[in-house]
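Each remark here refers to the structure printed beneath this line.
In what follows, every chain begins at residue 1, and chains take the letters A, B, ... in the order their sequences are listed.
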Amino acid sequence: MKYQRPKGTADILPNEATQWAAVESLAREVFKKYRYQEMRTPMFESFDVFSRTSGETSDIVTKEMYDFFDKGNRHITLRPEGTAGIVRAYVENKLYGPEIQKPFKTFYMGPMFRYERPQSGRLRQFHQIGVEAFGSDSPALDVEVVTLAMALLQSVGLNSLKLSLNTLGDNESRQNYRQALIAYLEPHEAELSADSKERLHKNPLRVLDSKDANDQKIVADAPSILDYLTPAATEHFTQVKEYLDALNIPYEVDSNMVRGLDYYNHTIFEVMSDSKAFGGKWTTVCAGGRYNGLVEQLGGPETPGVGFGLGVERLLLILAAEGIDLNEQHDLDVYVVGIGAETNAASLKLVQALRQQGFSADRDYLDKKPKGQFKAASKANAAYTLTIGQEELEQHKANLKNMANGHQEAIDLEQIYTDFGQAEAILAEKEN
RNA sequence: GCGGUAGUGGUGAAGUGGUUAACACACCGGAUUGUGGCUCCGGCACGCGUGGGUUCGACCCCCACCUACCGCCCCA
């Protein structure tokens, strides 16, 4: 094979594309109800947009950025996630302005890029659907975003989901906790895995997230962030939980849950699936949280924000594993069988007329014999065929055949041109 | 970035150092001068991921690379 797609990319073929389109269209419906409006930002941004916001030591920045220098020697990055670009656009276009109602609620969908080893459900170009809401500190908004994430997944037919919740607190909580955590971990430093040793001082919270069995043992007795929250942070988290309870939305507090991105604070959450698509292991399909300092960090006014991102490929994998097919079957209404080259124009006129009347219509373009054309019609699941040959041409008629029962009747071309629905009725009547 | 497994036609695949690379499905054509099924007949890999090497001879052995899948890391 001479040409092949770049590593970690995928061709989405017609069969699959309909499923994608269905997911996107269901998402749009949900967003409409929640009043989130679409934004489309560039697929690449200045490297700094991501390096500043994600955290210089984050894995995304240190090893997963798909970056390059363009011909103007600008350091460019293919966006690894959606939030930073949206925030950049929010600031650059002054969407924080007084004339814009708050919270400003927006969604996006599109490709993201991370330079990493592909596996199923993990690609170098993958797709996310995400939302962001700016301008309100209210825990009620956190909860709206959570419910939106759940609603989105439910709208495509998923029910076996788990909502995992945690808080990172505000800056002060985090600083206090960080110190406590380092103090706890340092005595164990020698026992920690290499990765965790590395993170101990750079980003100790990430140690909590370690998959290493021994690390987990150590971490099991580590202090909890929940014990270091400031009263304000506690209050925020408590309210989030209360509102979720009020909505009867079950959740699990996982005080070890952290974020690979540095910009999060307060509420963070993940929606996980235990679908067989991932071998029954709980896998995150949707992750989000609050990021109150981010807008400021990118040069805007102090503006709180909260949002989530959802991995489309993962969602599609789950749908496939659960046997959920969102495609509406659009079978062919009419297949026009033309016999002889001299019927070419007439066949075109027929399909054209049918299409203009709102029917789906197709015909042969390979000079197939009638038998082959009927086969094609059958394969396309055509409801009717319309056969036209020399004889019909002369009589200004065409043979309309109901493919389900084989009944056939000659119908005036004029009738088909003006009202095919009536032609269907005529055939149905003759059948009885 | 590290470790493991794999790579034969449109698809599923057999083959395993030595004649024309099984078989099946799909597809195309014919038997059937204008009607979907079945049956029968026929066609269908410029050649076994790419490039080197070993050998009298390689799809089969060796090396490198590419790609996919799985695990690690991390995450959506």
Whole-Å distance separating the NZ atom of A:K379 from the C1' atom of B:C28 | 10 Å
Return the value, rounded to whole Å, for the distance between atom CZ of A:F374 and atom C1' of B:U32.
-> 15 Å
NA contact type, A:E392, heavy-atom cut-off 4.0 Å: base, sugar-phosphate, or nothing?
-> base
Pi-cation contact, A:Y115 with A:R124 (under 6.0 Å, within 45°) | yes
Which is true for A:L123 with a 4.0 Å heavy-atom rule: it touches a base, it touches only sugar-phosphate, or it touches nothing?
-> base
Hey, does the side-chain of A:E64 have a donor or acceptor N/O within less than 3.5 Å of a partner on the base of B:G1?
-> no
Quick one: does A:R117 reach the base of B:C72 with a side-chain donor-acceptor pair under 3.5 Å?
-> no
Kindly say if A:Q119 contacts the phosphate of B:G71, meaning a side-chain N or O under 4.0 Å from OP1 or OP2.
-> yes
Does the side chain of A:K369 get closer than 4.0 angstrom to OP1 or OP2 of B:G29 through an N or O atom?
-> no
Return the orientation label for the A:Y384 and A:F420 ring planes: parallel under 30°, perpendicular over 60°, tilted otherwise.
-> perpendicular
Within the structure, does a side-chain N or O atom of A:K371 lie under 4.0 Å from either OP1 or OP2 of B:G36?
-> yes
Pairing partner (Watson-Crick or G-U wobble, both distances under 3.5 angstrom) of B:G42 = B:C28
Less than 3.5 Å between a donor and an acceptor, one on the side chain of A:K401 and one on the base of B:U35, is that the case here?
-> yes
